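Below, each value reflects all heavy atoms present in this structure, side chains not excepted, and no hydrogens, waters or symmetry copies. Just so we're on the same page: letters track the sequence lines, and every chain starts at 1. Note that the structure is predicted; figures quoted are calculated from it, not measured.
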Amino acid sequence: MNKVRTRFAPSPTGYLHIGGLRTALYGFLYSKKNHGDFILRIEDTDTARYVDGSVQIIYDTMRDSKIMYDEGPDVGGDFGPYVQSERKDIYLKYAKKLVELGGAYYCFCTPERIASLKDGEGNVRYDKHCLRLTKEEIEEKIKSGVPYVIRQNIPTEGAGSYHDLVYGDISVDYKDIEDGILIKSDGMPTYNFANVIDDHLMGITHVIRGTEYLSSTPKYNLMYDAFGWERPTYIHLPPIMKDAQHKLSKRNGDASYEDFVKKGYIKEAIVNYIALLGWSPKSNVEKMSLSELIENFSLDGISKSPSIFDETKMKWLSGEYIKEMSQEEFNALSLDFLKESKVYGKFDTEKLLTLVKGRVQILSEIPEKLDFLCDFGVFDTALFINQKQKTDIELAKSVLPKIKETLSDLSAFDNSTLFNSLVDLSNQLGIKKQALLWIARIALTGKEVTCGGATEIAELLGKDETMKRIDFSLSLL
RNA sequence: GGCCCCAUGGUCAAGCGGUUAAGACACCACCCUUUCACGGUGGUAUCAUGGGUUCGAAUCCCGUUGGGGUCACCA
């Protein structure tokens, strides 16, 4: 059995979108699961669509998400070059060979003639016009500089069948396939040709790609057969949708990996979530590290139908990763987000982050969770009324001075000291600690809902500010 | 439109001829709790449709409907 070799072959036309990243991930997982190699190949044969800088984005995104390749343009390997534009001569050589083998032919038709072939629906179907040309005629035209392309010669009868590991047996009649262009007039190959040549030359055993190639695969097989090459195993992947009828796409401005990272999603959670889109593990455990994904990955868990991207669930997973990470790790990741909050610099950074960890799912939620600390001012004293804790304004009025007195006597001002002293106070007063703490928290924040309890907030505010706020709240009553 | 493919709750999905049709997210309720969050328990909700085949169909076959893909000198 040959060593498994899979590849991810994006074209550098912009950002790496979520669907592309998932294709890469599955290729990576499958190869690693089978102790094989994962290769990155850049498919830049369309010079017109090339976007500057996007190759770097591909490298960066894959490294950042830990979907690392064993061979590729920037890491080398024995099967390079790994950039198609650098392989132009190779394709031309094989195209000529395919012409000799009868699998392709030169075509000199003008765009005008092609356009005249349009049917009622506006679809063009090439009529094999140039297939009739004699060897002499072809040489003559080439010599005199007539522009040409090389087309694949698809049989007029029969059907191409193959077995896809996800979709099963696929069969397409050759009469439904056009004689597509293999080599463009600029000498560059099209995807339809380059992918076959490269996959063979690079020893790719398993071709993992989107379903958009499901029905064009028979024509690739025709080439493998003509060259006498072994066909790879095919694994086509269902698309990731934005909603029931639209694919998630960069074109629509849908979020990319980078965008999600910027929004403060934990990277591992993004990878974990996209692994789950279109694939389900045997067990019911969904939160998995990359190595666990490798261990659990199997092709029979891949579904055939499109799946809709659910950001809410990814958010949940991100929150799970936050809960499990250490406070130190969280702090390191969160600092840049905390800086966006108006509380930054006004309170102890570590205390702020301790308060917020476990209460956010994505890091960009940090500012909104903490801003309340700075928003203290006149508030509705009705907040002191709480049915369940049996608190009201009168109680607040009588208890608040005692809270102030208790706290002002404290030498330490940490959460547990604060908490213990207030609980003691509530016992002395003969009221429930919940009631007392409710009043304290409202007095300190003027907010019905806060992230953190009364004593946590008091610690954060510090003694002076705590006293000030109690005085202020008292003045409102 | 031709061809290829797909169809289980709102979403991700398990299921491979006999199940009370898993599980997760979301939602709701209750419990816990120093409000919120966390955590715990429970709940609402799914086999697109019509025909077959079979003792028996979410599972197999056909049609219908719906959806996706593809029909470029794009990948």
Side-chain angles (χ1 to χ4, degrees), chain A residues 9-11 13 43-46 48-49 107 111 114 119-125 147-151 164 166-168 170-173 175-178 180-186 188-192 194-195 209-218 236 238-239 241 243-247 273 276-287 300-301 303-317 319 323 355-361 369 372 383 386 388-389 415 419 422-423 433-438 440-442 445 447-457:
Chain A
S11 46
T13 55
E43 308 222 327
D44 59 347
T45 57
D46 185 3
R49 286 210 306 160
C107 172
I114 304 288
D119 63 14
E121 308 264 293
N123 290 328
V124 176
R125 186 61 193 275
Y148 67 88
V149 298
I150 295 179
R151 283 185 185 273
D164 181 273
V166 172
Y167 287 91
I170 305 292
S171 180
V172 181
D173 288 344
K175 66 175 169 54
D176 293 320
I177 304 176
E178 195 191 16
I181 289 171
L182 266 22
I183 299 289
K184 302 182 248 188
S185 55
D186 66 356
M188 275 288 200
T190 59
Y191 169 86
N192 296 136
N195 94 84
R209 52 160 61 134
T211 44
E212 60 267 34
Y213 301 108
L214 199 58
S215 51
S216 49
T217 294
H236 286 97
M241 311 291 284
D243 55 50
Q245 34 271 71
H246 304 283
K247 212 168 149 175
Y273 178 68
L276 259 20
L277 264 186
W279 171 74
S280 71
K282 294 267 185 294
S283 80
N284 274 332
V285 180
E286 294 193 310
K287 182 176 174 294
D300 56 8
S303 75
K304 297 180 188 175
S305 44
S307 25
I308 298 172
F309 189 87
D310 182 8
E311 194 170 341
T312 306
K313 182 151 183 178
M314 184 165 76
K315 214 175 250 186
W316 166 77
L317 255 182
K323 274 177 225 153
L355 203 58
V356 94
K357 180 176 181 289
R359 288 182 228 258
V360 293
Q361 295 186 304
K369 291 278 181 197
F372 78 92
L383 284 174
N386 182 311
K388 203 177 158 201
Q389 317 295 5
N415 184 40
F419 185 70
L422 288 182
V423 170
K433 67 173 192 278
Q434 282 92 335
L436 185 136
L437 289 163
W438 174 272
R441 192 177 60 83
I442 297 298
T445 63
K447 300 283 183 304
E448 184 174 20
V449 173
T450 61
C451 131
T455 61
E456 288 172 300
I457 291 167

Tyr273(A) vs Phe309(A) aromatic rings, parallel, tilted or perpendicular, using cut-offs 30° and 60°?
perpendicular
In terms of heavy-atom contacts, Ile177(A) and Arg125(A) come closest through O-NH2, 3.0 Å
Classify the nucleic acid contact of Lys388(A) as base, sugar-phosphate or nothing, counting any heavy atom under 4.0 Å across all strands shown.
base
If you check the Leu214(A) side chain, which of C4(B), A26(B), U35(B) turns out closest?
C4(B)
Does any nucleotide pair with U41(B) by Watson-Crick or G-U wobble geometry, both distances under 3.5 Å, and what is it?
A29(B)
Classify the nucleic acid contact of Phe419(A) as base, sugar-phosphate or nothing, counting any heavy atom under 4.0 Å across all strands shown.
base
Which is true for Ser303(A) with a 4.0 Å heavy-atom rule: it touches a base, it touches only sugar-phosphate, or it touches nothing?
sugar-phosphate
Salt-bridged, Asp310(A) to Lys313(A), with N to O below 4.0 Å?
no
What is the base-pairing partner of U46(B), counting Watson-Crick and G-U wobble geometry with both distances under 3.5 Å?
none
Mate of U34(B) across any strand shown (Watson-Crick or G-U wobble, both atom pairs under 3.5 Å) is none
Taking all heavy atoms of Ser305(A) and all of Pro238(A), pick out the closest pair and write down the distance.
O-CB, 3.5 Å
With a non-hydrogen cut-off below 4.0 angstrom, is Tyr213(A) in contact with a base, only sugar-phosphate, or nothing?
base
On a plain distance test, is the side chain of Arg441(A) in donor-acceptor contact with the base of U34(B) below 3.5 Å?
no
Across the strands shown, which category fits Gly278(A) at heavy-atom distances under 4.0 angstrom: base, sugar-phosphate, nothing?
sugar-phosphate
Minimum heavy-atom separation for Thr211(A) to Pro239(A), with atom names?
OG1-CD, 3.7 Å
Among C4(B), U35(B), C73(B), which nucleotide has an atom closest to any side-chain atom of Ser215(A)?
C4(B)
What contact category does Ile181(A) fall into here, base, sugar-phosphate, or nothing, at under 4.0 angstrom with non-hydrogen atoms?
base
Which part of the nucleic acid, if any, lies within reach of Thr13(A) when heavy atoms closer than 4.0 Å are counted: base, sugar-phosphate only, or nothing?
nothing
Side-chain donor or acceptor of Ser216(A) under 3.5 Å from a matching atom on the base of U70(B)?
no
Could you identify the nucleotide paired to G66(B), looking across every strand shown and requiring Watson-Crick or G-U wobble geometry with both distances under 3.5 Å?
C6(B)
Categorize Ser283(A) for me: base, sugar-phosphate, or nothing, with a 4.0 angstrom heavy-atom threshold over every strand shown.
nothing
Are any side-chain N or O atoms of Asp243(A) and backbone N or O atoms of His246(A), one a donor and one an acceptor, separated by less than 3.5 Å?
yes
Given that Thr450(A) and Val285(A) both sit by RNA chain B, which one's nearest nucleotide is further toward the 5' end?
Val285(A)
What's the closest nucleotide to the side chain of Lys323(A) if the choices are C36(B), C71(B), G39(B)?
G39(B)
Pick base, sugar-phosphate or nothing for Val124(A), based on heavy-atom distances below 4.0 Å to the nucleic acid.
sugar-phosphate
Base, sugar-phosphate or nothing for Asp176(A)? Non-hydrogen atoms, less than 4.0 Å.
sugar-phosphate
Describe the nucleic acid contact of Asn415(A) in one word from base, sugar-phosphate, nothing, applying a heavy-atom distance below 4.0 Å.
base
If you look at every strand shown and take non-hydrogen atoms under 4.0 Å, does Lys433(A) touch a base, only sugar-phosphate, or nothing?
sugar-phosphate
Please evaluate the base of C5(B) for a donor-acceptor partner in the side chain of Thr211(A) within a cut-off of under 3.5 Å?
no
Listed nucleotide nearest any side-chain atom of Ile170(A), set C6(B), C4(B), U34(B)
C4(B)
Contact class for Ser185(A) vs. all strands (heavy atom < 4.0 Å): base, sugar-phosphate, or nothing?
base
